[in-house]
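Atoms within each ligand, like the ligands themselves, are counted from 1 in listed order.
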Amino acid sequence: MSDSKQDKLIIFDTTLRDGEQSPGASMTKEEKVRIAKTLEKMHVNVIEAGFPIASPGDFEGVQAVAQTIKDSTVCGLARALDKDIDRAGEALKDANSGRIHTFIATSPIHMQMKLRMEPDQVIEQAVRAVKRARQYTDDVEFSPEDAGRSEPEFLCRILEAVIDAGATTLNIPDTVGYNVPEQFGNLIKTLKEGIPNSDKAIFSVHCHNDLGLAVANSLSAVMNGARQVECTINGLGERAGNASLEEIVMAVKTRKDIFPCSVDHIDTTHIVPASRLVSGITGFAVQPNKAIVGANAFAHESGIHQDGVLKNRETYEIMLAEDVGWSANRMVLGKHSGRNAFRTRLQELGVEFSSEDELNDAFSRFKDLADKKHEIYDEDLQALVTETNMATENEFCRLVALKVCSETGETPEANITLSVDGEEKLAVASGGGPVDATFKAIEKIVCSETELQLYSVNSITSGTDSQGEVTVRLEKGGRIVNGQGSDTDIVIASAKSYINALNKILEPAEREHPQAGDV
Ligand code: KIV
Ligand code: ZN
């Protein structure tokens, strides 16, 4: 494969697979589809949608993404085991373009301690897995897990063998985030030069951020011949996360002058909406100073900077906020806006409704919101659509009414009415604060036996009339779900979010960890 300046850098997003492996970040099938649609609009080349053998839920997630996405390749992960590969092949059956990504560990410590296999057996198993995957698709990726701590000579042997067996992409993972940029870049160069048939496959990298070097390592690899980068929105992922998609894409785009390949095919204006969507669904807030997608990423506070930017933007800005999807026009709609304006603005934001009912539901929520809040911003619209989507999923429990009394020197009390399986139920509870009282009242009705793991409130826009966006994380029997709710009243937003989480936790799903490895 050529390494010319015209090369396209393949962006492989693994938010739905490695990102989802982050404790507490599990996603429903519908949430995966929603994120995948945004990634498709961004023109991400490959979307890794999950690990089909892990659980029925994971299988269905990959299958649903494969059935929905038409323009990006949809990928499923599989250990180098027949049963994993068959399951991935089955989940990807309906994909327009499907890829199987199979892996086996190659570092001495993993082979000896985890797999208890000899190096030659590992090669044999890898070759067998790639051949089996080729029975389902021509697009097969192979990863030597923990490549960052593997011996380069052994990597050359196994990679040469899997290319001969039919692997079309070779992904080099720094599984434990141990490498540093110069060393990792050199590893890619050594492999490309040392493997006789290396020109028959695309080299990819997959870096974890344990030392905060995932993006730097990935970019160093690109400088040394990698033409696919595996990354996630907001850098979501196990432990310290994976390389962040937005940072990789914007680095290559902004420094066109030095990178040997391009990301011109990526529509970067979808980056901020994707970041919001992922953060809303997972409950993982984005730190304000996070590059590209943090709230302060384009804010100039100091007088000297502001003065410079006003005189000439390029004095202090290297990218345009609009290019990554920060909206320049603030107030978008108000109380008197009609259905058409509402639909049009959402279309501009990349949101499409699957039915007239869904549009009507969102529009009626918009009217309610416009009664409480005069200026409706893009962020409000996005939160409203998220809530409309949430509401359509498995809603056994719904908030009907909530009255909360909170007074200095008095114990707060919540009076709640819920509709549970169509039947209205009432409860009153007191608590340490109005939110605590509300959650206790809900529990009096539902008795879910869940444990609250996270409660967070975020203001969607600025101003005291802003909507509060609440995330609640609940755990039951090892299963963790996130719920979201938004409202100008944060106690109501909290109740909606708690109820949303309860509606999700009723679906049992056993999960198996991809790297647990019984290979
Ligand atoms: O980090 C890792 O090694 C992985 C592999 C499955 C590619 O996620
Ligand atoms: Zn990983």
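Under a 4.0 angstrom heavy-atom cut-off, E230 registers as lying outside contact with ligand 1. Residue contacts with ligand 1: E238 is excluded, as none of its non-hydrogen atoms falls under 4.0 Å.
Distances between N or O atoms of R17 and those of ligand 1 include at least one value under 3.5 Å.
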- Residues D84, F51; criterion side chain to side chain contact (heavy atoms under 4.5 Å, CB included); working and verdict: CA-CA 9 Å; D84 281 39; F51 179 42; 3.7 Å; yes
- Message: I'd like to know whether S22 forms a side chain to side chain contact (heavy atoms under 4.5 Å, CB included) with F284, so could you lay out the CA-CA distance, the side-chain angles of the two residues, the decisive distance to 0.1 Å, and finally the verdict.
- Response: CA-CA 10 Å; S22 196; F284 282 51; 3.5 Å; yes
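Residue contact check: H206 has heavy atoms under 4.0 Å from atoms 1 (O), 2 (C), 4 (C), 8 (O) of ligand 1. Each of the atoms 8 (O) of ligand 1 lies under 4.0 Å from some heavy atom of D18. Listed by atom number, the atoms of ligand 1 under 4.0 Å from H208 heavy atoms are 1 (O). Within the listing of ligand 1, atoms 3 (O) sit less than 4.0 angstrom from a heavy atom of E145. Ligand 1 places these atoms under 4.0 Å from at least one heavy atom of H101: 7 (C).
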Which side-chain N or O atoms in residues 105-112 pair as donor and acceptor under 3.5 Å with protein atoms at least two apart or in another chain?
residue: T106; atom: OG1; partner: E145; partner atom: O; Å: 3.3
residue: T106; atom: OG1; partner: S150; partner atom: OG; Å: 2.8
residue: S107; atom: OG; partner: H110; partner atom: N; Å: 3.3
residue: S107; atom: OG; partner: D146; partner atom: OD2; Å: 2.7
residue: H110; atom: NE2; partner: D146; partner atom: OD2; Å: 3.4

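Among the backbone and side-chain atoms of E238, none of the N, O or S atoms lies under 2.8 Å from the Zn ion (ligand 2).
For the residue pair T15 and D13, a side-chain donor N or O sits within less than 3.5 Å of a side-chain acceptor on the partner. A donor-acceptor contact closer than 3.5 angstrom links the side chains of Q228 and E141.
Residues forming a ring-ring contact (aromatic ring centres under 6.0 Å, His included) with Y498 (at least two apart in sequence, or on another chain): F439.
The side chain to side chain contact (heavy atoms under 4.5 Å, CB included) test with N45 singles out one residue from D71, I11, T73, and that residue is I11.
Of all the N, O or S atoms in D18, the one closest to the Zn ion (ligand 2) is OD2.
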